[in-house]
Amino acid sequence: MGLAIADYTEFAGTLQAQHPSEILEFAFREYSPRIAISFSGAGSVALIDMAAKLLGAGSFDEPAFRVFTLDTGRLHAETYQFIDKVRARYGIPIEVYFPQPQAVERLVREKGLFSFYRDGHHECCAIRKVEPLRRALASLDAWITGQRRDQSPSTRHQLPVIQTDPTFSTAERELVKLNPLANWTSEQVWAYIHENDVPYNPLHERGFISIGCEPCTRPVLPGQHERAGRWWWEDENKKECGLHAGNGKGYGRAESGSIMERTPRVCPGLFARADLVTWHSNDG
Ligand code: SF4
């Protein structure tokens, strides 16, 4: 069992200034084995790489650390291949969570396969992402995401490195969420990926930056923010899928600690290099 939430502020200032690898070390020390990395994009694979360097690869039967992901049923073929590539590269049994078939069948029967273009993405995301994530988190005390502040000027600019999960904690059960890359920029993530030969989704080389489900993701133009390629038919301020719905609502008790910096930060040099792209899928 990890730290009580009240102790977060003691660590907040220190963690805030630490390298993501050091934040991971802290996280695994405090919360193993009831902690897992959410595999959802380029940043989270960088975290998997750091975790493998910290803890060793382990084996499929006895993994050194846990990784889970969400299969919405609507991902690109390239993303499925990428998930398997990461599995093979690090020798880890990625725990894949699928939506409840009855819920998907009911939605499709009543509204068709593309209701999100008419009704907004929240109903479909609730079925295909949020409910499976809730099941994935049920066995954990803490989870690790690849979220960064510079991913969304409207919803992630206040993201702390550690917080009480504002979406999935309940009165009976406190869940900790760690965002070791919160203070890193897209450039830093990609520098790490290239320097450490970390695998990434080949869709990045075709102009995709933020990659989610196939019908809800498109490439962006130079100069556009990465979130412009997600749910482009909707209002900019509604572009969270429910996995991190609390991003704009405060940070539980961690809010009172020095963990929070309120400086908005948008990736300034997104297209400064041709190969400088970012992927995050199930990060929402
Ligand atoms: Fe459905 Fe699109 Fe959300 Fe995927 S991103 S779960 S297809 S609305």
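Atoms within a ligand are numbered from 1 in the order they appear, just like the ligands themselves. Owing to the predicted nature of the structure, the values given are computational and were not obtained by experimental measurement.
In this structure, of Phe116, Tyr117, Trp231, the residue bringing a heavy atom nearest to atom 5 (S) of ligand 1 is Trp231. Relative to atom 6 (S) of ligand 1, the option among Arg230, His121, Arg128 with the closest non-hydrogen atom is Arg128.
Here the side chain of Ser169 pairs a donor or acceptor atom with the backbone of Asp165 at under 3.5 angstrom.
Under 2.8 Å from atom 4 (Fe) of ligand 1 lies an N/O/S atom of Cys213, whether from backbone or side chain. At a cut-off of 2.8 Å, Cys216 is not counted among the residues with an N, O or S atom near atom 3 (Fe) of ligand 1.
Between Thr185 and Arg148, the shortest heavy-atom contact is C-NE, 3.8 Å.
A centroid separation of less than 6.0 Å is found between the aromatic rings of His19 and Trp184. A centroid separation of less than 6.0 Å is found between the aromatic rings of Phe208 and His76.
Residue pairs meeting the salt bridge (Lys or Arg N to Asp or Glu O under 4.0 Å) criterion with at least one partner in residues 188-203, sequence neighbours excluded, are absent.
Below 4.0 Å from some heavy atom of Cys125 lie the following atoms of ligand 1, by number and element: 3 (Fe), 5 (S), 6 (S), 8 (S).
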